[in-house]
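A short write-up of the structure that comes next.
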Amino acid sequence: MTSQPRPAGSASAHTADRCPAHASNATAAPPGAVPLMGPRFHTDLEALHRDMRRDHGPVVPVTLPGNVPAWLVIGYRELLRVTGDPLLFPRDQGLWNQWPNVPEDWPLRPMIGTPQPSVYFTVGEEHRRHLAMVQDALESVDHIEVRRTTEEIADRLIDGFCGTGEAEIISGYARPLTILALARVLGFADSEGPALIRSLSDMCDGGPDALQGFQDALAAMSRLVARVHHTAGADMASAMTAHPAPFTDEEYVLNLMALTSAGFLPTSDWLGNSVRLMLTDDRFAASLTGGRHSIPEAMNEVLWEDTPTQILAGRWAARDTRLAGRHIAKGDMLLLGLAGANADPDAHTPHSGDGLRNNNFAHFAFSHGEYQCPFPAQEIAEILARTGIEVLLDRLPGIELAVPAQALARRPSPFLRGMTVLPVRFETTPPHGGH
């Protein structure tokens, strides 16, 4: 009998054993801590980071919903240290000294997580065991087939609106394209895409529907694993279950959840943020008239300055330590401020053409260290986003924003940075058909 996925609000025995020991060590938020949930994270991020650095330095005391304290690391060098030292700063949620203060229905539980048997929520040798299975499955993906599939889905989506002369790119293109292409890679049917969009969006936004979104997405992963046990195919779910090392169904399900949730919104936001940049910045105007040479540059700039994942949770201090002059207590949570570190003026000057910015791998968009996004997954995300942009620009001549740039709004999440809508207009064209 195989094990079943653990509910989002439950804690494993690992967590339960540690919580009483940490109950007396739970720390309160220091005076002046910055509330993490607020409009400036999506309306005024550059100024917010500047104010944080001025008032707190590279390690910022913050509060999560319910006044739960944490540290937000926005210094480039400090983030390198945290992500590069898995012994001092492991990704071990069981260490968290705030578990006694976190209610079962806390909306960020799915994002923070509790110790679970997956690549994202294990440590040490167990993490490396899961990573080997996931890495092999990622490396089995045919990149040529991914590009072909993405082009096919992109053409089908554009056929649905190319004759109208206007469209909303986020909900009408970027999100469905990304999840439908990922669904094919993972083993889902196209018909399951809309439900995955809803559940994963709810989960990742950390709002009142986050827990239900997590449960709905988990149920979809369970159905997929059950299906590939009976009918394997040329997809990642089948490759995972065929791995020679033994794993339970719960482990397959949770690893699929990690891959899908990490791949969906960040990739669709990479696509959307890149299109927004190209429509609002004259440096990329040539790409809008049939040239493609600026698309990689636009996509790289987005990873630096408009990175889709701006905050990741997290790391936990294994012992009392100091970071940038801050006392970090054992069990404190450190949130990875990827966007803040990318913008750290002590590391580089934006638009200066310095070595960091010219190095595609020096940004933190895919995190860093032992838990960074595996390179094959980064390659798949780039294929999806770049192909989606190329097909969009090829198919829609004269594309331009349908509203003033200042009217564009970001999704209200401090963790993921993407557009809520991106309305465009263009010259009408006939559908390709046959897709």
Side-chain angles (χ1 to χ4, degrees), residues 34-64 70-83 108 111-112 204-206 261-262 265-274 276-277 280-281 298-315 323-324 333-352 354 356-357 359-369 371-373 378 381 385 408-420:
V34 178
L36 199 63
M37 306 296 282
R40 294 189 72 194
F41 279 95
H42 50 93
T43 62
D44 198 18
L45 187 61
E46 183 178 354
L48 177 60
H49 284 147
R50 186 171 60 246
D51 292 349
M52 284 180 173
R53 270 184 245 281
R54 179 196 64 208
D55 297 339
H56 302 284
V59 179
V60 183
V62 297
T63 56
L64 300 168
W71 300 100
L72 176 63
V73 184
I74 61 172
Y76 191 96
R77 292 172 179 83
E78 289 75 16
L79 196 54
L80 276 177
R81 181 186 171 194
V82 170
T83 55
L108 293 187
M111 187 168 291
I112 304 300
C204 293
D205 281 346
S261 57
L265 282 178
T267 304
S268 65
D269 287 342
W270 192 8
L271 192 164
N273 291 355
S274 297
R276 182 206 63 83
L277 177 64
T280 57
D281 193 318
M299 292 176 66
N300 184 56
E301 178 151 333
V302 163
L303 293 181
W304 272 103
E305 295 200 24
D306 202 15
T307 183
T309 304
Q310 59 185 21
I311 296 175
L312 268 181
R315 301 291 187 270
L323 183 66
M333 179 167 66
L334 297 99
L335 299 169
L336 311 183
L338 310 183
N342 282 351
D344 185 351
D346 288 341
H348 61 81
T349 302
H351 304 302
S352 66
D354 62 42
L356 277 179
R357 183 162 298 276
N359 183 345
N360 292 357
F361 300 101
H363 57 68
F364 278 103
F366 298 110
S367 191
H368 173 262
Y371 288 90
Q372 70 180 331
C373 179
Q378 297 180 36
L408 297 174
R410 301 283 184 175
R411 187 188 309 111
S413 169
F415 297 95
L416 298 174
R417 183 169 175 81
M419 312 304 301
T420 55

Residues V34, D55; criterion side-chain contact (heavy atoms from CB on, under 4.5 Å); working and verdict: CA-CA 10 Å; V34 178; D55 297 339; over 6 Å; no
Are R315 and V73 close enough, and set up right, to give a side-chain contact (heavy atoms from CB on, under 4.5 Å), and what steps lead you there? CA-CA 10 Å; R315 301 291 187 270; V73 184; over 6 Å; no
Rounded to the nearest 0.5 Å, what separation is found between the CG atom of L334 and the CZ atom of R81? 10.0 Å
Determine whether a donor-acceptor pair (N or O, by modelled atom type, separation under 3.5 Å) exists between the side chain of T309 and the backbone of P266. no
Reported OG1-to-CG distance for the pair T280 and L408, which is rounded to 0.5 angstrom: 8.0 Å
Any donor-acceptor pair under 3.5 Å linking the side chain of N342 with the backbone of F364? yes
Stepwise salt bridge (charged side-chain N to carboxylate O under 4.0 Å, His left out) check, D306 with R417: CA-CA 7 Å; D306 202 15; R417 183 169 175 81; 2.7 Å; yes
So OG1 of T63 and CG of L36: to nearest 0.5 Å the spacing works out to 7.5 Å
Side-chain contact test, heavy atoms from C-beta onward, threshold under 4.5 Å: evaluate it for H56 versus L72 and give yes or no. no
Suppose we screen for ring-ring contact (aromatic ring centres under 6.0 Å, His included). Which residues come up paired with W270, at least two apart in sequence or across chains? F366
Side chain to side chain, W71 and L323, heavy atoms closer than 4.5 Å: no
Stepwise side-chain contact (heavy atoms from CB on, under 4.5 Å) check, L45 with R410: CA-CA 11 Å; L45 187 61; R410 301 283 184 175; over 6 Å; no
Just verifying a value: how many Å separate H368 NE2 and L80 CG, rounded to the nearest 0.5 Å? 5.0 Å
Could you tell me whether the side chain of R53 and the main chain of I74 form a donor-acceptor pair under 3.5 Å? yes
Search all heavy atoms of S274 against all heavy atoms of A298 and return the closest pair with its distance. OG-O, 4.3 Å
Evaluate the side-chain contact (heavy atoms from CB on, under 4.5 Å) criterion for residues L79 and D344: first the C-alpha distance (whole Å), next the side-chain angles of each, then the deciding distance (0.1 Å), finally the verdict. CA-CA 11 Å; L79 196 54; D344 185 351; over 6 Å; no
What I'd like to find out is whether the side chain of H49 reaches to under 4.5 Å of the side chain of V60, using heavy atoms alone. no
How long is the span from the CE atom in M333 to the CG atom in L64, to the nearest 0.5 Å? 4.5 Å
To the nearest 0.5 Å, what is the distance between CG on D281 and CD on E301? 6.5 Å
Backbone N/O of C373 and side chain of Q378: donor-acceptor pair under 3.5 Å: yes
Which residue in the set L303, V302, T307, L338 passes side chain to side chain contact (heavy atoms under 4.5 Å, CB included) when paired with H363? L303
Judged by atom type as modelled, is there a donor-acceptor pair below 3.5 Å linking the side chain of Q310 to the main-chain atoms of G340? no
If you look at every heavy atom in D269 and P308, which pair is closest and at what distance? CB-CB, 3.7 Å
Those residues at least two apart in sequence (or on a different chain) that pass salt bridge (charged side-chain N to carboxylate O under 4.0 Å, His left out) with R50 are none
